[in-house]
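For reference, the structure is listed below as structure tokens.
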Amino acid sequence: MSHSQRRLPEDPQIRALAQTLAARSMSRRSVLGAAGALGLTGLLAACGTSGTGGGTSAAPVDVTDLSDSEKVVNWANWTLYLDYDDKTKKYPTLLQFTKDTGIKVNYSEDIDGNDTYYGKVQGQLAASQDIGQDIFTLTDWMSARLIRQGYTQELDHANIPNISNLLPNLQEVDFDPGRKHSLTWQSGYAGIAGTRSVSPRA
């Protein structure tokens, strides 16, 4: 029986993996990616990349906005990307945010790479399942991919008054015209300083 004639599994996570594997040729990398997903989730849920990685999603799924009734936001970020007080074991910026808004933040440092995080959540997103995060902070190129695949929800700019504080070059980006699905959380710059008394070449 060929791949196209086989009945797909009932479980949406396993079905998404089967479709992904059937849509592309089997390589050592794809097999290892699938095996890694087994170890991460205990299910055949999240293959490293989708066969539709560069394309668009078939149709966005409607989600229920619970922000009026649930004053909680779940945020996944990179390790060491937010101020942390070693004495209190808390994030001062998040404490201040909660104090100012009444919104509790469940913050996790779950992202150690764009591809690895995508590999963890892609199967669930493809199956329209909750990944347990409201916000996740990825690099622009990966954000573009998620937007293109229809995995994001449109932002209500009326609820984001500080959007006008974005630098002009960050207000309009080619992968998200009008910033309908993404906002810059942080933008990188590097500077090097030296002291001539310590390093004469500085």
Does any N or O in the side chain of [X] come within less than 3.5 Å of the main-chain N or O of [Y], such that one atom is a donor and the other an acceptor?
X: His181; Y: Leu146; result: no
X: Asn114; Y: Met142; result: no
X: Glu172; Y: Gly178; result: yes
X: Asp134; Y: Asn74; result: yes
X: Gln124; Y: Gln129; result: no

Checklist line | Evaluation steps, side chain to side chain donor-acceptor pair (under 3.5 Å), between Glu109 and Tyr84 | finding: CA-CA 12 Å; Glu109 294 181 339; Tyr84 182 76; over 6 Å; no
Over all atoms of both residues, closest heavy-atom pair of [X] and [Y]:
X: Asp110; Y: Ser108; result: OD2-OG, 2.9 Å
X: Arg179; Y: Gln171; result: CG-O, 3.2 Å
X: Lys180; Y: Pro177; result: CG-O, 3.7 Å
X: Trp141; Y: Asp115; result: CH2-OD1, 3.5 Å
X: Asp86; Y: Lys89; result: O-NZ, 3.1 Å

I need the [X] [atom1] to [Y] [atom2] distance, nearest 0.5 Å.
X: Asn165; Y: Leu170; atom1: CG; atom2: CG; value: 12.0 Å
X: Gln186; Y: Thr137; atom1: CD; atom2: OG1; value: 8.5 Å
X: Leu138; Y: Arg145; atom1: CG; atom2: CZ; value: 11.0 Å
X: Asp176; Y: Thr184; atom1: CG; atom2: OG1; value: 9.5 Å
X: Leu94; Y: Asp83; atom1: CG; atom2: CG; value: 7.5 Å
X: Gln96; Y: Thr101; atom1: CD; atom2: OG1; value: 9.5 Å

Item checked: Pair Ile131-Phe136, side-chain contact (heavy atoms from CB on, under 4.5 Å): steps then yes or no -> CA-CA 10 Å; Ile131 63 166; Phe136 43 96; 3.5 Å; yes
Notebook entry, point to check: Yes or no on side-chain contact (heavy atoms from CB on, under 4.5 Å) for Gln122 and Tyr151, after CA distance, side-chain angles and deciding distance?
Noted result: CA-CA 9 Å; Gln122 189 275 332; Tyr151 295 156; 3.4 Å; yes
In the single-linkage hydrophobic clustering (I, L, V, M, F, W, Y; side-chain heavy atoms under 4.5 Å), do [X] and [Y] co-cluster?
X: Leu80; Y: Tyr117; result: no
X: Ile111; Y: Ile135; result: yes
X: Leu167; Y: Ile160; result: yes
X: Phe97; Y: Val72; result: no

Margin query: For the NZ atom on Lys71, are there more than 12 heavy atoms of other groups (residues, nucleotides or ligands in this structure) within a distance under 6.0 Å?
Written below: yes
Note to self: Which residues pass the side chain to side chain contact (heavy atoms under 4.5 Å, CB included) test with Thr88, not counting sequence neighbours?
What the structure shows: Asp85, Lys90
Notebook entry, point to check: Taking it one step at a time, do Trp185 and Asn77 satisfy side-chain contact (heavy atoms from CB on, under 4.5 Å)?
Noted result: CA-CA 10 Å; Trp185 174 69; Asn77 199 0; 3.4 Å; yes
Checklist line | Side-chain hydrophobic cluster, 4.5 Å single linkage: members besides Val173 | finding: Ile147, Phe175
Check: For Tyr107, which residues count as a ring pair (Phe, Tyr, Trp, His ring centres under 6.0 Å) partner, sequence neighbours excluded?
Finding: Trp75, Tyr91
